Amino acid sequence: MSRVKHIHAGKVRDLYEDGGDILLVASDRVSVYDVTLPTPIPGKGALLTQLSLWWFERFGDVVPNHVLSGTDVPPEFARRAIRCKPLEMVKVECIARGYLAGLGLKEYQKYGTVSGVALPPGLEEGSELPEPIFTPTTKAEVGHDEFITFDDVVRQEGRETAERLRDLTLEIYRRGAAHAETRGILVADTKLEFGRDADGTLTLADEVLTSDSSRFWPADEWQPGRTQHAFDKQFVRDWATSTDWDRTPPGPEVPPEIVEATRARYTEAYERITGNTWTG
């Protein structure tokens, strides 16, 4: 019988080694401003995992992924773990943006660019961009990720890999956003991660188009120039911002009504995107 060994604790996910495979386990923890809050969101880990698995299958013709099984996992991790092939991770957070929000908005307001990509003048919060853009960031072990340019990725990973990362990120974003829009959700942006398998093949990893890695907005309420209603953890970020918390550990306890509203948003995103009813 294999022995499961805990090898890494992230802000939201835990990694285990099991017989040469990796178990990627999503907890119910929620992290904002790189701080894990003390209050979990019940069922969040399972919702994220099941939505990722749905997308991984959908993008199987675009790029290989790390999934070995979504069901062959220890019983205590059922529904919230993925059995994965081990990868050597690329040290770049691959972000695609179709709308202006978050840190991208802040950089645009200062410089008129995001990750070195020049954007037209006159855009405001929530504006749709002329076309989706690739805006990579560093992948910080500690502290905050920082914007880098495509040329920075070329210098770090080589031109061929950089171009492949950019093209895959934009293709997955375009396909995912097009599907989500048919279900009444705008995908403002999303973060992807890639690694290389034992043969050196670039492989999609971590999570895909979830409420933790993306901004999901209801299409019928979208209105540039203001903060958008969110089906994602932006709702918790906005609540945390409204407190007097200074964004350093420890984070504040999350009130029950915010926990429940957050869980409802994650559930609605899953159900709209997949067409499945969530039971859990």
Side-chain angles (χ1 to χ4, degrees), residues 9-16 22-32 36-59 65-84 172-173 175-177 179-193 204-219 228-240 251 254-280:
K11 290 187 287 286
V12 173
R13 286 171 184 72
D14 292 286
L15 294 182
Y16 296 81
I22 300 295
L23 295 173
L24 179 64
V25 182
S27 73
D28 291 342
R29 301 188 295 269
V30 63
S31 165
V32 296
T36 302
L37 301 183
T39 316
I41 309 296
K44 172 177 172 283
L47 279 158
L48 293 180
T49 298
Q50 296 307 310
L51 183 53
S52 277
L53 285 167
W54 189 88
W55 284 117
F56 275 126
E57 185 174 356
R58 190 175 189 91
F59 295 129
N65 62 61
H66 67 167
V67 178
L68 296 174
S69 176
T71 54
D72 180 18
V73 299
E76 64 268 27
F77 299 148
R79 300 189 79 201
R80 60 190 184 93
I82 302 175
R83 182 176 293 276
C84 309
I172 289 168
Y173 172 78
R175 281 206 193 189
H179 169 79
E181 192 163 0
T182 68
R183 304 300 177 91
I185 289 180
L186 300 180
V187 182
D189 53 47
T190 198
K191 171 181 69 71
L192 301 172
E193 295 198 36
L204 182 61
D206 197 50
E207 61 183 321
V208 184
L209 287 161
T210 71
S211 302
D212 264 19
S213 65
S214 317
R215 282 186 173 85
F216 292 149
W217 299 338
Q228 310 299 314
H229 180 92
F231 288 130
D232 54 66
K233 73 174 183 178
Q234 186 62 42
F235 180 71
V236 186
R237 281 195 204 99
D238 292 343
W239 166 80
V254 185
E257 64 273 16
I258 300 298
V259 170
E260 186 48 45
T262 303
R263 187 178 189 279
R265 281 164 163 78
Y266 277 63
T267 302
E268 184 169 355
Y270 170 87
E271 292 187 337
R272 282 206 194 191
I273 289 169
T274 67
N276 300 328
T277 300
W278 179 255
T279 55

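Side chains are part of it too, since the values below use all heavy atoms of this structure and drop only hydrogens, waters and symmetry mates. Bear in mind that the values here come from a model prediction, so they are computed numbers and not experimental data.
Within the 4.5 Å cutoff, the side chain of Arg263 has heavy atoms near those of the Pro42 side chain. Between Asp206 and Lys191, the closest side-chain pair of non-hydrogen atoms falls below 4.5 Å. Residues Gln228 and Gln234 have side chains not in contact (no heavy-atom distance under 4.5 Å, counting atoms from C-beta outward). Arg79 has its side chain within reach of Thr279: a pair of non-hydrogen atoms, C-beta onward, lies under 4.5 Å apart.
Atom-to-atom distance recorded for Trp54:CH2 and Tyr270:OH is 9.5 Å, nearest 0.5 angstrom. Atoms CG and CD, on Leu204 and Glu193 in that order, are 9.5 Å from each other to the nearest 0.5 Å. The structure places CG of Leu186 at 10.0 Å from CZ of Phe231, a figure rounded to the nearest 0.5 Å. We find the OH-CG distance between Tyr266 and Leu47 to be 9.5 Å, quoted to the nearest 0.5 Å.
Between His66 and Phe56, the ring planes are tilted. Angles from 30° to 60° get that label.
The two atoms that bring Lys11 and Ser31 nearest to each other are CD-OG, 3.4 Å, heavy atoms only. Looking at every heavy atom in both residues, Phe216 comes nearest to Ala269 through CD1-CB, 3.9 Å. The heavy-atom pair separating Ser214 from Thr190 by the smallest distance is OG-OG1, 2.7 Å. Between Leu23 and Pro74, the closest heavy-atom pair is CD1-CD, 3.7 Å. Closest of all the heavy-atom pairs between Phe235 and Ala230 is N-CB, 4.3 Å. Listed here is the closest heavy atom pair of Tyr16 and Asp14: CE1-CB, 3.7 Å.
Using a distance-only test at 3.5 Å, with no hydrogens or angles considered, no donor-acceptor pair links the side chain of Arg175 to the main chain of Phe59. Within the 3.5 Å criterion, the main-chain N or O of Val208 finds no donor-acceptor partner in the side chain of Ser213.
Using a 4.0 Å cut-off between a side-chain N of Lys or Arg and a carboxylate O of Asp or Glu, Asp232 and Arg215 do not qualify as a salt bridge.
Considering Arg83, Glu207, Arg13 as possible partners of Leu24, the one that fulfils the side-chain contact (heavy atoms from CB on, under 4.5 Å) test is Arg13. Only one option out of Asp28, Asp212, Thr262 pairs with Lys44 in a side-chain hydrogen bond (donor to acceptor under 3.5 Å, both in side chains); it is Asp212. Of the options Thr210, Val187, Leu51, Leu209, a side-chain contact (heavy atoms from CB on, under 4.5 Å) to Ile273 is made by Leu51 and by none of the others.
Sorted by first and then second residue, the side-chain hydrogen bond (donor to acceptor under 3.5 Å, both in side chains) pairs involving residues 179-188 (not counting sequence neighbours) are Arg58-His179.
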